[in-house]
Amino acid sequence: MAIRRDKLDKLRSLGVEPFGQAYQRSHSAREVVEGFSSLEGKSVSLAGRLNAIRSHGKAAFADLQDQSGRVQIYVKKDIVGDAAFEIFEILDLGDIVGVRGLVFKTKRGEISVQVEQLTLLTKALRPMPEKWHGLKDVELRYRQRYVDLIANPEVRETFIIRTKVVRAIRNYLDGQGFYEVETPVLAAIAGGTTARPFKTHHNALDLPLFMRIATELYLKRLIVGGFEKVYELGRVFRNEGISTKHNPEFTLLELYEAYSDYEGIMTLTENLISHVAQEVLGTQHVIYQGHEVDFTPPWPRARMLDLVKEHAGVDFSLVNSDEEARAMARQAGLTLAPKATFGQALDEVFSEFVEPKLTGPMFVLDYPVEISPLAKRRSDNPRLTYRFEAFLAGRELANAFSELNDPIDQRGRFEQQMEERARGNDEAHEMDEDFLLALEYGMPPTGGLGIGIDRLCMVFAGVDSIRDIILFPLMRPRHD
RNA sequence: GGGCCAUUAGCUCAGUGGUAGAGCAUCCGCCUUUUAAGCGGAGAGUCGAUGGUUCGAAUCCAUCAUGGCCCA
């Protein structure tokens, strides 16, 4: 640091401003390398960070890194002149420069730019991480992602994949006639799923507010209002623990299609993901965590009850009461809370014995009503709903249902959730009178879908931790 | 919340009770087609923090901090 600060003064005394102005570039590093056959002998201008310097006395090679990649530059005293070469010798790894010069190939065959004019654009006051091993310290990689991006080029590729996934989703949905909308992040009630919200406060209205945990209830209001295909691709916030699969804020896609149902949404889901795979990876096949994944539709479908019967050896379709359900869970080897319902018992057994085995992609159908308070009941079995989840690599990828549009049933479900809450489950839904009011105006039969974008991107990028697909994951602030 | 692990130079890492090390980076010298350039030399540390055990602690013990992995 101190040495680099001294260099600032030295540069200024030589008439060089270490924090320069805009620089006109003619090419990117990649363009120079890939377009060599037509660029050889021609003059190009590039800008980027000095990644490596191999000095040879009165000449030097260096690697110039820009967003597209790296290209070697060759700085020769004879050509740039004594003054410029003196300045070049002061430069450090990490400094950002602009160069203009001729494209050529070295004896060893490396495409390079013979520098005629060198411009310092930004002096780096901090040293870069080690060139060979990169930055490995995960704490520093997350806290100082910019250094991670400089030192580990594959990290940029990971995040470019994320960008492409999001773009491909928008392209597909827009092409299907969906409208992208924006609904409130701050609301008096955080609804749409079961999770603890972040609480905040609006000063002028002296109003307690919550940050959204889902976009569901607002998007359904839009269906009531006559929008027929809407989606929101937005950040939601859940005040819960942090793990390789959980970050307190994450990106959720929710979409709603009027006059559709969960069957229609299943088809849409597999087509959407398949489209994204083709757009982003150019293939339907990926290997994730050692499993071969094939996104080609249609995906296998199985009823939750059947999967539980198959993998846990217990048949919940024979159960007639919550008590019998708890007994069946015990038979499968689980101990549950004494008040656990049929739905909770089934879900726990499913999570424990089935979920980890679902490499997928596949659909699991017909979730119990108690854990699906916003989903429509099956007409042939009121304990179950028209709800499915998509699974991939043992993890929930998507959650969808035929939306409950009966305001009276919906009120009953909310009341059931209130009882849950009274029993101490502070993740249960709150009564949302305003949403019920909307439903009373009439919501057409509708299918809805939610997809966790971070987890989806993890599969496409081949990373195992959600923190590796979030640019700036939440960290405890450093205090030193 | 529980268990296990990590924390040593800017970075990557050695160092299991007896004078704090290596490579890269940095600085100085040499070197005009190298590429993890090379050769010679130099500087660089509150060993995460605080206590304790010991003649002596990076090393053993306790607590705390930060992070990671697993579990709830």
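Chain naming here is simple, since letters A, B, ... match the order of the sequence lines and numbering starts at 1 in each.
- A20(B) and A49(B): their P atoms are spaced 16 Å apart (whole Å).
- Annotation: U46(B) and U8(B) have their P atoms spaced 12 Å apart (nearest Å).
- Checked by atom type and distance alone, the side chain of E419(A) never pairs as donor or acceptor with a backbone atom of Q416(A) at under 3.5 Å.
- The nearest whole Å value for the distance from the CZ atom in R476(A) to the P atom in C64(B) is 13 Å.
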Protein-to-nucleotide contact annotation, 5' to 3' order, nucleotides 25-35 of chain B [B base; S sugar-phosphate only; - none; under 4.0 Å, heavy atom]: SSS---BBBBB

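- Comparing the same atom, C1', in G29(B) and in A65(B) gives a spacing of 45 Å after rounding to whole Å.
- As judged by a 4.0 angstrom heavy-atom cut-off over every strand, R141(A) is placed among residues making no nucleic acid contact.
- Between U63(B) and C4(B), the distance separating the two P atoms is 11 Å to the nearest Å.
- Counting non-hydrogen atoms under 4.0 angstrom, G241(A) reaches nothing in the nucleic acid.
- Between the R455(A) side chain and the H246(A) main chain, no donor and acceptor come within less than 3.5 Å of each other.
- For the pair R387(A) and Y367(A), the cation-pi criterion (under 6.0 Å, within 45° of the ring axis) is fulfilled.
- Remark: R383(A) qualifies as a cation-pi partner of F342(A) under the 6.0 Å distance and 45° angle criteria applied to the six-membered ring.
- Aromatic ring centres of F61(A) and Y74(A): separated by under 6.0 Å.
- Between G40(B) and U53(B), the two C1' atoms lie 47 Å apart (nearest whole Å).
- U16(B) sits 13 Å from A58(B) when the P atoms are compared, rounded to a whole Å.
- Once rounded to the nearest 0.5 Å, the distance linking CD of E17(A) with OG1 of T119(A) reads 12.5 Å.
- Atom name C1', nucleotides A14(B) and C28(B): the rounded distance is 28 Å, in whole Å.
- Comparing C11(B), U66(B), C70(B) by their nearest atom to the side chain of E139(A) picks out U66(B).
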Dot-bracket for RNA chain B, 5' to 3', counting Watson-Crick or G-U wobble pairs under 3.5 Å, with [ ] for crossing pairs and | for inter-strand pairs? (((((((..((((....[..)))).(((((.......))))).....(((((..]....)))))))))))).

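- Using atom C1' as the reference point in both A37(B) and U33(B), the two lie 11 Å apart (nearest Å).
- For the pair I466(A) CD1 and C70(B) P, the interatomic distance rounds to 13 Å; values are reported in whole Å.
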